[in-house]
Each structure stands twice: as C-alpha cells, then as structure tokens.
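Throughout, a chain's letter reflects where its sequence line sits, starting with A, and its residues are numbered from 1.
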Number of protein chains: 2
Amino acid sequence: MKRRTSQRAALEMVFQKEDRPMGVEEILNAGRKIVRTLNQATVYRNLKIMVDNGELIQINHPAMGTLYERTGKGHHHHFYCRICGRVFELPGCGLDSKKAAPKGFITEEHEIFLFGVCPSCAK
Amino acid sequence: MKRRTSQRAALEMVFQKEDRPMGVEEILNAGRKIVRTLNQATVYRNLKIMVDNGELIQINHPAMGTLYERTGKGHHHHFYCRICGRVFELPGCGLDSKKAAPKGFITEEHEIFLFGVCPSCAK
DNA sequence: ATTATAATGCAAATGCATTTGCATTAGCAA
DNA sequence: TTGCTAATGCAAATGCATTTGCATTATAAT
C-alpha cells in the first residue's frame, strides 16, 4: 500500500508554504531544506503522484517552462516577476471575451501570462 | 557572401502563404512541397538566420511549444484551434489592464493564449 | 521487534528538440 | 564556363528534462 514518507511530506510543506507555481529545480531546493537527502528523481516521482492525486497540476509557462501548482484555486492567471523570477497566481481575470477574438472564433478557454515586477521587488 | 538558396526562398514562401505561427515540423512539411529535398537541419539553420535578420520571431506556445512567426504584426495574441491544430494571430487585445493584476504588481507585458475552434472548423 | 515491500538515492538510460561535422551540391563572381 | 566556398543533406552528436533499474532504506502491518 501507499506509504507516507518524509520526502513527500516535505514537498507538501513546500507547496503549502510557497503558495505559487514552482519548477522542479526550485521545488527540489526548497524540499532539501526540510529533508536534506531529497533527490531529484524522488521529486519527479512524487510530483507525478501528486498530479495523479489531483493535488497539483502542471502548467507550461512560456518563459519558465514546466511549473507545478496546487489545484482548487479557481480561474486565475500568472504573473512573472523579472526581478525575483517568481511566478504568482493572480485571482480574477481582466479579459474581455468580446474583444478577445474576432467574430467566428469560438473561444473555449484562455491563459494569460503577465510579465513585470512584483510588489515586493517594486519597493 | 550570403547566397540566395531555393530552400530559404521556400521557407519565405511558406511564411508568406500561411501567415500564422508554425512549428518546425509543419514548416518542414510545407517547405518540402516546394523543395522536396528540404532537410530539417536546413530548416533550423534558416530559421535561425531569419530570426537574426529580424524577419521572424520565436514564440513559446503553452500547448504547441516553439513556433515561428513573421515580425511586424503589432500587438496581437494567439488562438489555438483544437480541431485543426493551427495557431492564428488575432489582432487587438481584450485585456483590461486595470483588472489584470492587483494593486502593487507592475505589469509591463502580457501574452494571451486562446483555445477553441477556428472559423473554418466551426462550419 | 520482525518482516514484507513501497519508496528512496544514485547513476545510467531515454526521449525530445536542436546542433554540428563532413562530404557533396550549387550560388555567384570573375 | 570555371572556381571558390557558402549552403545543403545526412547522420551522428548534444543538451536538456524526465524516467528507470537496482541496491538500499525505511514505513507500517503483524
């Protein structure tokens, strides 16, 4: 049966603490502060399990590549800070669906990626 | 000095005819209809030249990966048709920058990816 | 405690997209 | 035409992110 391991718990803590999308490298580094032997292969294996569980989803960020984020956030978009390199989830949506696409296109979904400076780097 | 080759001319024709972002595979296939010996390495080499020239830019589409599109289009976004798999450039922008990000975030740029059904597949 | 075996750590292996070495082909100046 | 050499085609090589085999470790049922 499935076992509760310290490394999986570490990953869950990482996602709970840093509540924003993260890449494998960043997740690994943060996880190692909790379980110092944490290995990249273990991170990949657990991320896959967590995605299958429905706790996480993968997103493809045009500048950051594959990121993982917690599910259950509702509709939101992503803000990339060019100073600190972090990606934030922004609730809500500034898209006017009428203006988004010309007549004839049937828009079913959309993703918006914002780029700029986050509040803490702007200070 | 730089030479005008039939394969580079073919790529230019492809981009002129299909005026939308395309991936390497698609560019190769379309190019082979013009120059049947066209090789993938040649496509990569010429795409790089064309990007350096400023005729093309690379974009990273969350669902389609790396695509190449002609420059000089002005601000626009991308529509992916789930039926035909093509990506279209949509002029204009439906983003309300006020609603896009909460107070404190300084938004400098954005990219919008729409997903759905294109006019010709909707018929 | 003991034990079965799921999960880990490590390194090697994969699967991609993309690049490169080299012999051959083909622009283009003379 | 001829000759120089940039550009091509082909296949092998790279560079990544991600996966996998296997010996070892450690969870949890007994």
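Using a distance-only test at 3.5 Å, with no hydrogens or angles considered, no donor-acceptor pair links the side chain of B:Thr107 to the main chain of A:Leu114. A:Asn53 contributes no side-chain N or O that, together with a main-chain N or O of A:Glu55, makes up a donor-acceptor pair within less than 3.5 Å.
Taking the six-membered ring for Trp and thresholds of 30 and 60 degrees, A:His110 and A:His77 have ring planes inclined between 30 and 60 degrees apart. Ring planes of A:His61 and A:Phe113: perpendicular class, angle over 60° (limits at 30 and 60°).
From the 5' end on, the contacts that DNA chain D makes with chain A at under 4.0 Å to a non-hydrogen atom open and close at D:dA17 to D:dA28.
Counting non-hydrogen atoms under 4.0 angstrom, B:Arg4 reaches the backbone sugars and phosphates but no base. Counting non-hydrogen atoms under 4.0 angstrom, B:Ser6 reaches nothing in the nucleic acid.
Residues B:Thr5 and B:Lys48 both approach DNA chain C. Their nearest nucleotides, taken by heavy-atom distance, put B:Lys48 toward the 5′ side. Heavy-atom nearest nucleotides on DNA chain D were determined for B:Met1 and for B:Arg32, and the one closer to the 5' end corresponds to B:Met1. Sequence order on DNA chain D of the closest nucleotides to B:Asn39 and B:Arg3 puts B:Arg3 first from the 5' end.
Protein atom CD of A:Gln40 is 17 Å distant from nucleotide atom C1' of C:dA7, rounded to whole Å. We find that CD1 of B:Ile49 is positioned 15 Å from P of C:dG27, with the value rounded to whole Å.
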### Query
What's the verdict on side-chain contact (heavy atoms from CB on, under 4.5 Å) for B:Met13 and B:Lys17, showing C-alpha distance, side-chain angles and the deciding distance?
CA-CA 6 Å; B:Met13 288 173 67; B:Lys17 189 181 173 208; 6.0 Å; no
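Aromatic ring centres of A:Phe79 and A:Phe115: separated by at least 6.0 Å.
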